Amino acid sequence: MEESNRNPCPFRIAEDCGAAFGMGILGSGIFQGIRGFRNAPSGLGRRLAGSYAEMRSRCATTGGNFAVWGATFSAIDCTLVYIRRKEDPWNSVISGAATGGILAARTGLASMASSAVVGGIILALIEGVGIGVTRFSSEVYRPVSPVEREEIFREQQAQKGFSKVNPSPM
């Protein structure tokens, strides 16, 4: 499954790291903004100040954590593409499992193994949904000849109960 719109591998790592950082900042900004607003003392000015303070204190950390995950995942993915000489969904699944294990390595072997399993399962689900959507939508974009389109139209009209279809003015 070749992705033609992606950068080649060395540059992909920096691109994925930056994209993950942006997602972490954006998601954390929304979450922390709401959290700071709710936990601040009453009054609109105080709540907005609390929201701003919470976002300033937490967003960069969450964005950095996302960036580390994105860079690790992408580096492992690029390594697997180089070793296996093909780019397929298995690379992403293996990369997700390895990334989960590597990032949980300092918490012990049991946590490392469970994080690797969870990372692999999550990436397998994401890749499976992507494959399913691609297969489902590929039929929509299949080229259809004008003759076949006319036959399909006549069949649909016959199913709806129309007995006579106006001929096309060609």
Side-chain angles (χ1 to χ4, degrees), residues 1-41 46-144:
M1 209 153 93
E2 187 71 26
E3 292 185 26
S4 61
N5 59 349
R6 303 254 345 237
N7 285 332
C9 251
F11 304 107
R12 187 183 300 182
I13 297 169
E15 178 186 347
D16 288 348
C17 180
F21 181 77
M23 284 191 306
I25 289 287
L26 183 66
S28 177
I30 293 169
F31 179 78
Q32 299 300 337
I34 293 170
R35 180 176 170 208
F37 189 86
R38 289 182 64 209
N39 292 334
R46 289 181 184 154
R47 288 189 182 269
L48 291 176
S51 177
Y52 179 70
E54 191 74 23
M55 288 189 319
R56 277 192 63 179
S57 68
R58 305 268 173 118
C59 286
T61 304
T62 306
N65 290 341
F66 270 70
V68 168
W69 193 95
T72 306
F73 175 84
S74 191
I76 294 169
D77 191 39
C78 287
T79 303
L80 288 172
V81 167
Y82 179 76
I83 291 171
R84 297 183 67 222
R85 300 278 186 219
K86 60 181 170 179
E87 195 164 340
D88 60 358
W90 284 109
N91 289 346
S92 294
V93 173
I94 295 168
S95 298
T99 300
I102 288 170
L103 294 180
R106 68 183 186 159
T107 59
L109 191 59
S111 177
M112 185 176 163
S114 65
S115 293
V117 168
V118 168
I121 288 172
I122 288 173
L123 265 295
L125 289 173
I126 291 170
E127 289 295 326
V129 167
I131 290 169
V133 167
T134 302
R135 285 194 180 162
F136 177 74
S137 65
S138 66
E139 184 65 28
V140 173
Y141 296 109
R142 183 179 60 88
V144 179

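Quantities reported herein were computed from a predicted structural model and do not represent experimental measurements.
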Would a 4.5 Å heavy-atom cut-off, applied to side chains only, mark [X] and [Y] as touching?
X	Y	answer
Thr62	Phe31	no
Ile102	Ile76	yes
Ile121	Val117	yes
Ser95	Leu80	yes
Glu54	Asn39	no
Ser92	Ile126	no

Mind checking the [atom1]-[atom2] spacing from [X] to [Y]? Nearest 0.5 Å is all I need.
X	Y	atom1	atom2	result
Phe66	Asp16	CZ	CG	14.0 Å
Ile25	Ile30	CD1	CD1	12.0 Å
Gln32	Ile34	CD	CD1	10.0 Å
Ser57	Tyr52	OG	OH	11.0 Å
Phe11	Ser74	CZ	OG	12.5 Å

| Is atom CZ of Arg84 surrounded by more than 12 heavy atoms (other residues, nucleotides or ligands) closer than 6.0 Å? |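 Yes, CZ of Arg84 has more than 12 neighbouring heavy atoms, counting only those of other groups under 6.0 Å.
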
| query | Near Phe37 CZ, under 6.0 Å, is it more than 12 heavy atoms from other residues, nucleotides or ligands? | reply |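 For Phe37, atom CZ is crowded (more than 12 foreign heavy atoms under 6.0 Å).
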
For [Y], is there any backbone N or O sitting under 3.5 Å from a side-chain donor or acceptor partner on [X]?
X	Y	result
Ser111	Gly108	no
Ser51	Arg47	no
Asn91	Lys86	yes
Ser115	Met112	no

Over all atoms of both residues, closest heavy-atom pair of [X] and [Y]:
X	Y	answer
Ser28	Arg58	OG-O, 4.0 Å
Trp69	Leu103	CD1-CD1, 3.4 Å
Ala40	Gly50	CB-CA, 4.2 Å
Pro89	Ile131	CG-CD1, 3.8 Å

| request: Give the C-alpha distance, both sets of side-chain angles, the deciding distance and a yes or no for side-chain contact (heavy atoms from CB on, under 4.5 Å) between Val129 and Val133. | output: CA-CA 6 Å; Val129 167; Val133 167; 4.2 Å; yes

